[in-house]
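Reading through the structure tokens given below for one structure.
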2 protein chains.
Amino acid sequence: MTKPRPKISKATVTRLAFYLRELQQMQRSGLANIQSKAIAERLGLNDSQVRRDISCLGTVGQRGVGYRVQELIESIQRVLGTDRTWNVILVGVGNLGRALSGYRGFEQQGFHLVGAFDSDSKKIGTSIGSLEIQRLDDLSSFCQSHQIDLAILAVPADAAQGVVREIENAGIPGILNFAPIAVQATSKRTIIQEVDLAIELQRLAFGVVPKAQ
Amino acid sequence: MTKPRPKISKATVTRLAFYLRELQQMQRSGLANIQSKAIAERLGLNDSQVRRDISCLGTVGQRGVGYRVQELIESIQRVLGTDRTWNVILVGVGNLGRALSGYRGFEQQGFHLVGAFDSDSKKIGTSIGSLEIQRLDDLSSFCQSHQIDLAILAVPADAAQGVVREIENAGIPGILNFAPIAVQATSKRTIIQEVDLAIELQRLAFGVVPKAQ
DNA sequence: TAGATTGTTAATCGATTAACAATC
DNA sequence: TAGATTGTTAATCGATTAACAATC
């Protein structure tokens, strides 16, 4: 008789992750309770929206008082799935990949980097952080001996589609794609999340331009 | 008698940037014409939506034929504001900042990194790529002698809000914020675009979880 | 209790999509 | 011309917000 998970839109998921980030900050500074209005103000949102998003969690606040920070953190993590550790591999150890591998924020949210792969034979065997870079060809066998949840893809555009197939064949269900090209999954079950830092700058540029007119 | 710029939603802006990325790929492979249906398929969108987004550009296609790739590229860049070079500075040269500074994708889309700043005296004077890291205190004077359009903020969470004020005081109208905390602009004219790589992984994790049930 | 804030409904707002006349 | 694809309207769909009863 588990309550069916309510349908949560992608927009809500993204906001929940932002709430989580703020709540973690608040917790670090010793705050135990918080109101929807305060969360909304910090993030520039409407307080109705915050309450509605939170209502998807199942967790409830206390009328007249607000929410318990610790409780909210835990229930957001439960819904996002980050109440456990996720094993992640990095595919493509170029400039960006190397940077991503050292990014602390991943580990802090429970994403544990357990392998790094590249196709450049000059890189194989060299180390990146505490990991040794492995041949892309060894991806599949590595995944048979390790339970891998997600892959971070940071290869050049023209290699991306081929590597996606290898990642899928290795049975990894989610790909964070930094390659600057749209890639297609073969299986409908594979989830691909696009990230493009240059596109983020372009979105910002668009916001700035009208002011210059 | 300039035509008033049509209202373009943020969702449309983001998609236009993705169209641009694909169109640039297509152009590299020698494609001169493209149809809304083909763009939509590549990106997993509806072709009506693609045509509607493109109609915001002013540029028109040819019925029965499609759009000219070169023309679309130029008009998307014009609307996003990337038909010119943007001068960008990096504030915060930690692990992530260092990585971002070497990222080729920025330069390719017309974002030119012209300065790097940090508050750690041990880093001042050392180089990052072709740039010499400057004191954060020198940000303001640097901006007086250089026309800076955007700042990439990659400092720790607890320093972020203070640095945002300095960036605003230096007259920079747009900030790409990688610091894992919500920051407030003092001026309403300042545009802040949030990017959080850990949040992208969380969004992906949420997408993957239901499959495991 | 009185004051405050949640949880939720109903109204509003905006974005997506189907459909098709226009036209290359 | 016949076939194809755009540009745009109208319908649908979904997300946001205002408002307020419930209740701590």
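These numbers were taken from a predicted model, which means no experiment stands behind them. First the proteins, then the strands, lettered A, B, ... as listed; each starts at 1.
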(message) What I want to check is whether the side chains of A:Asn177 and A:Glu194 have a donor and an acceptor closer together than 3.5 Å.
(response) yes
(message) With salt bridge (Lys or Arg N to Asp or Glu O under 4.0 Å) as the rule and sequence neighbours excluded, what pairs involving residues 59-70 of chain B come up?
(response) B:Arg68-B:Glu71
(message) Please report the interatomic distance CG(B:Leu72) to CD1(B:Ile39), rounded to the nearest 0.5 Å.
(response) 5.5 Å
(request) Both distances under 3.5 Å, Watson-Crick or G-U wobble: on that basis, could you give the dot-bracket string for DNA chain D, with [ ] for crossing pairs and | for other-strand partners? (result) ..||||||||||||||||||||||
(request) Could you list the residues that satisfy ring-ring contact (aromatic ring centres under 6.0 Å, His included) with B:Tyr103, not counting sequence neighbours? (result) B:Phe106
(request) Scan residues 35-53 of chain A against DNA chain D and write down, sorted by residue number, each residue with any heavy atom closer than 4.0 Å; if none is found, say none. (result) A:Asn46, A:Ser48, A:Gln49, A:Arg51, A:Arg52
(request) Extract, from 5' to 3' on DNA chain C, the first and final nucleotides lying under 4.0 angstrom from some heavy atom of chain B. (result) C:dA15 to C:dC24
(request) Could you tell me which residues satisfy side-chain contact (heavy atoms from CB on, under 4.5 Å) with A:Asn95, sequence neighbours excluded, listed by chain and number? (result) none
(message) Within this structure, what is the CZ-CG distance for the pair B:Phe111 and A:Leu201, rounded to the nearest 0.5 Å?
(response) 4.5 Å
(message) Test of understanding: with side-chain hydrogen bond (donor to acceptor under 3.5 Å, both in side chains), list the residues that count as partners of B:Asp53, not counting sequence neighbours.
(response) B:Thr12, B:Arg15, B:Tyr19
(message) Please enumerate all residues that pass side-chain contact (heavy atoms from CB on, under 4.5 Å) together with B:Arg52, with sequence neighbours excluded.
(response) none
(request) Would you kindly compare B:Gly61 and B:Ala11 by the position of their nearest DNA chain C nucleotide and give the one closer to the 5′ end? (result) B:Ala11
(message) Does anything in residues 63-73 of chain A come within less than 4.0 Å of DNA chain D? Heavy atoms only, and list the residues if so.
(response) A:Arg63, A:Gly64
(message) Salt bridge or not between A:Lys37 and A:Glu41? Use side-chain N to carboxylate O under 4.0 Å.
(response) yes
(message) Please enumerate all residues that pass side-chain hydrogen bond (donor to acceptor under 3.5 Å, both in side chains) together with A:Glu200, with sequence neighbours excluded.
(response) A:Arg203, B:Gln193
(request) Report the residues that fulfil side-chain contact (heavy atoms from CB on, under 4.5 Å) with B:Arg84, sequence neighbours left out, ordered by chain and then residue number. (result) B:Trp86, B:Asp149
(message) Base, sugar-phosphate or nothing for B:Ser9? Non-hydrogen atoms, less than 4.0 Å.
(response) sugar-phosphate
(message) Quick check for you: to the nearest 0.5 Å, what is the distance between B:Ile8 atom CD1 and B:Leu57 atom CG?
(response) 6.5 Å
(request) Could you list all the side chain to side chain donor-acceptor pair (under 3.5 Å) pairs where at least one residue sits in residues 158-169 of chain B, not counting sequence neighbours? (result) B:Glu168-B:Thr186, B:Glu168-B:Thr190
